[in-house]
Structure formats: structure tokens, C-alpha cells
Amino acid sequence: MLKVGNTVKFTPLICAIMTTEEREIEFQAKIDNGQKIEPKEWMPENYRKQLIRMISQHAHSEIVGMLPEGNWITRAPSLRRKAVLLAKVQDEAGHGLYLYSAAETLGIDRQTLIDQLLTGKAKYSSIFNYPTLSWADIGAIGWLVDGAAIVNQTMLARGSYGPYSRAMVRICKEESFHNRQGYEIMYELANGTEAQKQMAQDALNRWWGPSIQMLGPSDAASTNSSETMKWNIKVESNDVVRQRFIDRTVPQAVAAGLTIPDPDLKYNEETEHWEIGEVDWDEFYRVIKGHGPCNKKRLSDRQRAEKEGEWVREAAIAYAEKQNKKMNAIAA
Ligand code: ACO
């Protein structure tokens with residue numbers, strides 16, 4: 001292994017005769033040195049598997065995440081709100097597409113990933129298994145859900161796998177816009193009529209707990225963290241990220257005149273952190289095992305969309321084939 005400046009390198013000749021153990025040491029040195037890993041480089045099989053697991057769960061979350069918000073596009077209270085929501089939901093589709101592409105660089109094809117989602121084999125974020133009962137829920141999703149996603153994903157942008165970390169940079173910029181539009185909705189409702197304020201508070205009451213849970217189980221219960229953190233796939237633990245989300249969100253609730261629904265919430269002057277009460281982990285595990293309020297509906301909606309979109313895919317393939325034939329005829 002050679003260190004050239006700040007980069008760990010090894011010559012192809014040495015590489016050819018290296019044992020797996022030596023390659024693993026070398027790989028870990030690159031990770032510890034802060035280097036990005038690119039698709040064609042050697043990587044341990046479990047690094048590849050962990051990435052496919054995480055990136056595909058993330059991609060599915062973006063796609064399923066369009067459903068609760070899509071529910072409000074036709075009912076947004078003004079043309080401006082409708083245009084903003086439509087743009088946001090389209091952004092989420094784009095995020096799903098970058099992420100499926102990032103997963104494909106690891107040697108798995110998109111159809112396999114989509115089949116895993118449609119057959120219920122794959123996980124997606126717990127948070128998207130809750131219903132959007134009022135317009136304020138759209139505000140709560142942007143403010144809390146996208147707020148939690150930004151804190152998680154700015155951390156993932158520092159991760160070791162090039163295609164995933166680079167996708168995070170753009171996604172986080174778009175998520176910041178989503179987050180602001182959500183907070184704006186909540187702020188306006190919270191400072192509107194009494195009924196509007198109650199609607200905002202009710203949405204916060206329902207989305208706060210699931211938003212805290214969506215950042216993953218506590219560090220003690222996290223089964224993948226030892227591997228994902230050793231390889232800098234995640235550069236911070238679930239609890240660290242959760243605390244950052246809480247510290248950033250509580251003052252925003254106060255500024256909007258809303259109350260975080262946690263009687264045990266308190267500010268610790270010594271640590272300068274907000275401390276929350278017990279998290280309902282039973283609810284989290286119930287939802288990720290398929291028993292949340294909307295798990296069945298989310299899956300059946302995706303299955304229906306796949307079926308109804310079949311003719312569009314067929315038409316696109318037929319059109320591409322026709323264009324290819326035309327181009328070949330011109331070239332001949
Ligand atoms: N929803 C569903 N499953 C979850 C969630 C969640 N919110 N959090 C954790 N899990 C699952 C994990 O996938 C894992 O299950 P698996 O081993 O069968 O895959 C199990 O619970 C244990 O969790 P961890 O060991 O802590 O898993 P991990 O190290 O992957 O950390 C985390 C979880 C933080 C969510 C990580 O996977 C991550 O950062 N993922 C990428 C971001 C993402 O997917 N965000 C989704 C929301 S995107 C959006 O809001 C638009």
C-alpha cells in the first residue's frame with residue numbers, strides 16, 4: 001500500500017497478488033483516510049450489500065413518500081400552494097430516480113429493486129405509513145419529516161460511497177426548499193385563526209413521535225450501525241442525528257407558537273441540548289413490521305401504479321425501438 005500525498009494507492013501488480021484480508025486492510029485505510037469509494041473499485045461484499053440495502057430503502061422511501069402528499073395536490077388551498085406542492089412531489093420522484101441509479105452502480109438492476117418493493121420484501125421509511133388528514137399535515141411533513149431527512153442526509157453526504165454521497169448533496173438542497181415550505185405552512189396556520197392554529201397543533205401532535213422514530217432505532221438497538229459506521233456509510237449514529245434534529249426543531253416550534261407534544265421535554269443548560277421523554281419504540285417496530293395505519297394502502301397503491309403504468313412503459317420502449325431503427329437506417 002502506497003500513500004501519495006493524502007491518497008492511499010496500490011499498484012495493479014500488487015493488487016493482483018493481494019489476499020482478501022490485505023485488500024480489506026487497504027480498503028479500511030482508504031475509508032479512514034476519508035477517501036471516496038467509486039463503483040469500479042474493489043470493496044468488501046458486505047460493504048456492497050449494506051449500501052444496496054440502505055440506498056434502495058432510501059429510494060423506495062422517496063417514491064412511497066410521494067403518496068401521502070400527492071393526496072393533497074387537488075385540495076391545496078391556493079394556486080401557489082398547489083404549484084409548490086406539485087413541484088415538491090416531483091422532486092421526490094427525482095430523488096428516487098437518482099437513488100435507484102446510485103444503487104445500480106453496485107451491480108443490482110432497478111427492476112429487481114422495484115420488485116422487492118412491490119412484493120413487500122423491501123423496507124421503506126416508517127414515516128410514510130401515516131395518513132395526511134388535514135392540510136396542516138402537508139406543513140408538518142415538510143417541516144418535520146423533511147427536516148429530519150435533511151439532518152440525516154447532510155450526514156450521509158459525508159459518507160464514503162461516491163455516487164450515494166454526491167446524490168445527497170443535490171437532494172439536501174431540494175429538501176431545504178421542502179423544509180421551508182412546510183415550516184411556512186405551519187407558521188401561517190399557527191398564526192392564523194383559532195381553528196387554523198388547532199389544525200397545526202394537531203398535525204404536530206401526530207407527526208412529532210413518528211418523526212423522532214424515523215431516524216432509526218436507538219444506538220443500543222441499531223443492528224447495522226457497527227458495520228455502516230466502520231465503513232463511513234453513516235458517519236454519525238442514529239441518536240446523534242436525532243439529537244441534532246430535536247435541537248434544531250424545538251426552537252422553531254417555539255417561534256411558531258406551537259407546543260411540542262412531550263411533557264418531559266426540557267432544556268439541559270449543562271449539555272445545551274433539549275432532552276425528550278421516552279420514545280415509543282413499540283410503535284416504530286409495529287410500523288416497520290407492516291402494521292402501521294397505512295402500510296397496506298401504500299403497498300397496494302404502488303402495485304396499482306405499476307400495473308396502470310405498464311402501457312406507458314411499453315409505449316416508451318416501442319418508441320425508442322422505432323427511433324433506433326430510424327437512426328440506423330440514416331447511418332446505413
Ligand atoms: N423505517 C423503516 N425501517 C427502519 C427505519 C425507518 N425509519 N429506521 C431503521 N429501520 C430499519 C433498518 O432498515 C434496519 O432494518 P434492516 O436491517 O432489515 O434493513 C433496522 O431498522 C435496524 O436499523 P439500523 O440498524 O439502525 O439501520 P441503519 O444503520 O441502516 O440506520 C437509517 C437507519 C438511519 C434510517 C439509515 O438506514 C439511513 O440513513 N438510511 C438512508 C436515509 C433514508 O432511507 N431515509 C428515509 C427517509 S427519506 C425522506 O424522508 C424523503
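Counting convention: from 1, in listed order, for ligands and their atoms alike.
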Participant: Between Ser126, Gly292, Ser237, flag the one that comes closest to atom 6 (C) of ligand 1 by a heavy atom.
Facilitator: Ser126
Participant: For the CZ atom on Arg75, are there more than 12 heavy atoms of other groups (residues, nucleotides or ligands in this structure) within a distance under 6.0 Å?
Facilitator: yes
Participant: Where the closest heavy atom to atom 17 (O) of ligand 1 is concerned, which of Ile150, Asn224, Val287 has it?
Facilitator: Asn224
Participant: Please list, in number order, the atoms of ligand 1 under 4.0 Å from a heavy atom of Glu62.
Facilitator: 51 (C)
Participant: Say whether Asn205 and Gln201, considering side chains only, have a donor N or O and an acceptor N or O under 3.5 Å apart.
Facilitator: yes
Participant: Compute the shortest N/O to N/O distance between Ser61 and ligand 1 and return yes if it is under 3.5 Å, no if not.
Facilitator: no
Participant: Please check this pair: side chain of Asp137 against backbone of Leu133, looking for a donor-acceptor N/O pair closer than 3.5 Å.
Facilitator: yes
Participant: What about Lys234: any of its N or O atoms under 3.5 Å from an N or O on ligand 1?
Facilitator: yes
Participant: What part of Ile288, side chain from CB on, backbone N/CA/C/O, both or neither, has a heavy atom under 4.0 Å from ligand 1?
Facilitator: side chain
Participant: For the pair Arg304 and Asp301, find out whether any cationic side-chain nitrogen is under 4.0 Å from an anionic carboxylate oxygen.
Facilitator: yes
Participant: Where the closest heavy atom to atom 8 (N) of ligand 1 is concerned, which of Ser218, Gly216, Ala148 has it?
Facilitator: Gly216
Participant: Is atom 32 (C) of ligand 1 in close reach of the protein, with a heavy atom under 4.0 Å away?
Facilitator: no
Participant: Going by the atom numbers of ligand 1, which of them fall below 4.0 Å from some non-hydrogen atom of Tyr124?
Facilitator: 1 (N), 2 (C)
Participant: Any salt bridge linking Lys230 with Glu227? Criterion: basic side-chain nitrogen under 4.0 Å from a carboxylate oxygen.
Facilitator: no
Participant: Under 4.0 Å from a heavy atom of Ser222: which atoms of ligand 1 are those, numbered in the order shown and with their elements?
Facilitator: 24 (P), 25 (O), 26 (O)
Participant: Hey, is Leu215 touching ligand 1 through its side chain, its backbone, both or neither, going by heavy atoms under 4.0 Å?
Facilitator: backbone
Participant: Please work out, at 4.0 Å between heavy atoms, whether the side chain, the backbone, both, or neither of Val241 comes within that distance of ligand 1.
Facilitator: neither
Participant: Which of the numbered atoms in ligand 1 are below 4.0 angstrom from a heavy atom of Thr223?
Facilitator: 22 (C), 25 (O)
Participant: So, regarding Glu175 and ligand 1 (criterion: nitrogen or oxygen to nitrogen or oxygen, under 3.5 Å), is there a contact or not?
Facilitator: no
Participant: Measuring from non-hydrogen atoms of Gly65 to any atom of ligand 1, is the shortest distance under 4.0 Å?
Facilitator: no
Participant: Walk me through whether Asn268 and His273 qualify under side chain to side chain donor-acceptor pair (under 3.5 Å).
Facilitator: CA-CA 5 Å; Asn268 184 326; His273 288 302; over 6 Å; no
Participant: Give the atom numbers and elements of ligand 1 that come within less than 4.0 Å of a heavy atom of Tyr164.
Facilitator: 41 (C)
Participant: State whether the side chain of Glu104 and the backbone N or O of Arg110 hold a donor-acceptor pair below 3.5 Å, judged by distance alone.
Facilitator: yes
Participant: Anything under 30° is parallel, anything over 60° is perpendicular, the rest tilted; go ahead and classify Trp281 against Phe284.
Facilitator: perpendicular
Participant: Going by the angle between their ring planes, with limits at 30° and 60°, are Trp42 and Phe27 parallel, tilted or perpendicular?
Facilitator: perpendicular
Participant: So for Gln153, does at least one of its heavy atoms come nearer than 4.0 angstrom to any atom of ligand 1?
Facilitator: yes
Participant: Determine, step by step, whether Val287 and Tyr130 satisfy the side chain to side chain contact (heavy atoms under 4.5 Å, CB included) criterion, reporting the C-alpha distance in whole Å, the side-chain angles of both residues, the deciding distance to 0.1 Å, and the verdict.
Facilitator: CA-CA 9 Å; Val287 174; Tyr130 293 87; 3.4 Å; yes
Participant: Heavy-atom distances under 4.0 Å are what count here, so tell me which part of Asn238 touches ligand 1: side chain, backbone, both or neither.
Facilitator: side chain
Participant: Between Met214 and ligand 1, does any nitrogen or oxygen pair lie at a separation below 3.5 Å?
Facilitator: yes
Participant: Which bit of His58 gets closer than 4.0 Å to ligand 1, counting heavy atoms only: side chain, backbone, both or neither?
Facilitator: both
Participant: May I ask you to decide whether Arg170 forms a salt bridge with Glu174, counting only side-chain N to carboxylate O separations under 4.0 Å?
Facilitator: yes
Participant: Check Ser125 against ligand 1 and report side chain, backbone, both or neither, counting heavy atoms closer than 4.0 Å.
Facilitator: both
Participant: What I want to find out is whether Glu306 reaches Arg313 closely enough, with some N-O distance under 4.0 Å, to be called a salt bridge.
Facilitator: yes
